[in-house]
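Below: the structure, in structure tokens.
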Amino acid sequence: MPFEYRSDIAHADVAFDAWAPTLEELFREAARATMEVMVENLTEVRPAQTLEVKLEQENEEMLLFDFLNELIFYKDARRLILLPGDIEISPSDSGLAVRATLSGEEITPTRHEMRTDVKAVTMLRYKVEQVPQGWRATVVLDV
Amino acid sequence: MNEPAALKRISETIWELPVSHKEGMLVPARIVASEKLIHEMDAGVFEQVSNVATLPGIQRYAYCMPDGHWGYGFPIGGVAAMDPGSGVISPGGIGFDINCGMRLVLTNLTAEQVQPKLHQLVDRLFARIPTGVGCHGFIKMKGDDFRSVVQQGSRWCLKNGFATQQDLDMTEEGGCFAGADASDVSQKAVERGYNQLGTLGSGNHYCEIQVVQPQNIMDQQLSEAFGLTTVPNQVVIMFHCGSRGFGHQVATDYLKLFLSVMERKYGIKIVDRELACAPFHSPEGQAYFSAMKCAVNMAFANRQVILHRIREVFSDLFHASPDELGMRMVYDVAHNTAKLERHLVNGSRKELLVHRKGSTRAFGPGLPGLPECYQKTGQPVIIGGSMETGSYLLAGMSTGGDAWFTTAHGSGRTMSRHEAKKNFRGDQLQRDMEQRGIYVRTDSFGGLAEEAGAAYKNIDEVVEATELAGLSKRVARLVPIGNIKG
């Protein structure tokens, strides 16, 4: 299983672990785990719009933090439910950069079963680490 | 039972972790709870309230209220006052949903008058107040207009026809924290928020129709003073929401900024990154204080615009003006804020920066800052229970000084959202509640299941503990009959 919600920390919020063989895949799984808190049927989200994002940070941890926050930003600013398509992570002057395409569509209550709003990614128990099988993240979302 | 061995009982409702409990604690940590509630506290409360006690400049005690539970940085229910000269300001002591708060509004309608139209009323409120994930409001504005909103709060609403002077008088700080400068907020925060004025959001945010049943009046005199005895079985409206995406973005922006300067620039080491902070008088600390005030003002304006909509719906349905329907505000209380207040410390009055995270200011009688009409009663305190169980109106007490005149804010969760969703079904819950006389409309059955009453502590026990601790006195219990939820 690429991600799993946890009940043992932060009762009022939502915690999950995600893991993947590569950092790019980890970003994809963490994005899916974040969006699934808000949308029950992510498979119904059509790729009607595509955006490109480029973010830079000093390390993997802060880069994933910014990446997930980008999805939360578009949900409020443009009512978009987005999921990553292509993801490319490479070294940059300031540390690490991610280039990604984000595809999705506007929230449509008649087709999308909406759940609970994600307000923010928190730093509580937040961790991105390299493990023998690849990469692993622990994330607590404020809802 | 998660209580650490070092926890000592100080009185019937006060429990203390001494400074020896954890390295770096500068003051003891105190938890307000009955014996039953202290046994029900999750492990995060003890860990986090003792972490708060290590923050530079903290005065007297780090507190957690009886509805406390695991938060991030501070526990939910956390209270800490810092010396502004030597202390810090921490977004983790305020929360992402800055000035999430409660508002209570009176009507002169009886339950008997409302019941025949209850479904229509709830359906119309649900149609007129945007709810749910990513919802946008009905006021179309540009970024520059929105900057005025966040600097002026409810005053902007008054100028634009969404408020009365009485509304402002009945809101903490008149519905506007002074010193909010929109140049301290990011463009991203503005873009996230300017479409969301007048929206409820989701999660535990709701608008509820409630009844003041005569048998639930606990203090007749205070109930009269707060306007709850106009008619028997009086209908009132309570709602809960905050600063929406704007406030969440302000908190995220400054959490990142503080993490980058805290240790490198100011040499502050903390035990949990969610307690990221900066000296209050540093440029970063002052910029955050100003941006936080912008988010506080957005939340006041948000609740004010929602109130305007509620008045329109009642007015249309009951064919009378809001004035004729007696739709007056009792009060608006803020949960997630930091404020400069003057409090007694060792016999002299001192200015302190009071962080309240998931806790409510509860000024006792005679304290400056209360409107004239509440000088003798103390501040009305609105405590929302779960949507199934009912809520309370309380009053601040003169004995609340030790906890900087602060009390609980809700019932507090005991079950994770994930667990609640496994145990309850939203559609079934909606049917069960209707059978018990509570008509609910929601955007999300999944979200509804997460808010089931059994996922929360017992509200009666929580408010009783605050009264026994001398923080807030019970005035009346309010029973829900209708609810809209995001």
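Every chain is numbered from 1 and lettered A, B, ... according to where its sequence line falls, protein lines coming before strand lines.
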Residue [X] versus chain B: region with a heavy atom under 4.5 Å:
X	answer
Asp66(A)	side chain
Leu80(A)	neither
Val37(A)	neither
Asp13(A)	both
Tyr74(A)	neither

Donor-acceptor pair, side chain of Asp67(B) and main chain of Gly412(B), under 3.5 angstrom: no
Sort [X] into side chain, backbone, both or neither according to what part of it lies under 4.5 angstrom from a heavy atom of chain A.
X	result
Asp42(B)	side chain
Leu255(B)	side chain
Leu259(B)	side chain
Glu47(B)	side chain
Thr442(B)	neither

Closest-packed option against chain A by number of heavy-atom pairs under 4.5 Å, given Lys256(B), His69(B), Gln249(B), Gln48(B):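 Result: the option with the highest number of such pairs is Lys256(B).
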Interface residue of largest heavy-atom contact number with chain A, from Glu450(B), Arg192(B), Lys421(B), under 4.5 Å: Arg192(B)
Leading residue by heavy atom contact count with chain B [cutoff under 4.5 Å; candidates Glu106(A), Glu113(A), Glu61(A)]: Glu61(A)
Partner of Lys75(A) by side chain to side chain contact (heavy atoms under 4.5 Å, CB included), out of Asp117(A), Val39(A), Thr34(A): Asp117(A)
Give me the ring orientation class for [X] and [Y]: parallel if the planes are under 30° apart, tilted from 30 to 60°, perpendicular past 60°.
X	Y	result
His418(B)	Tyr5(A)	tilted
His409(B)	His335(B)	perpendicular
His240(B)	His205(B)	perpendicular

Lys/Arg N to Asp/Glu carboxylate O, Arg6(A) vs Glu419(B), below 4.0 Å: no
No-hydrogen, no-angle side-chain donor-acceptor test under 3.5 Å, Thr199(B) and Arg244(B): yes
Candidate pair Gln196(B) and Asp76(A), rule side chain to side chain donor-acceptor pair (under 3.5 Å), full reasoning: CA-CA 8 Å; Gln196(B) 294 188 327; Asp76(A) 279 326; 2.8 Å; yes
Tyr72(B) six-ring face occupied by Lys357(B) cation (under 6.0 Å, within 45°): yes
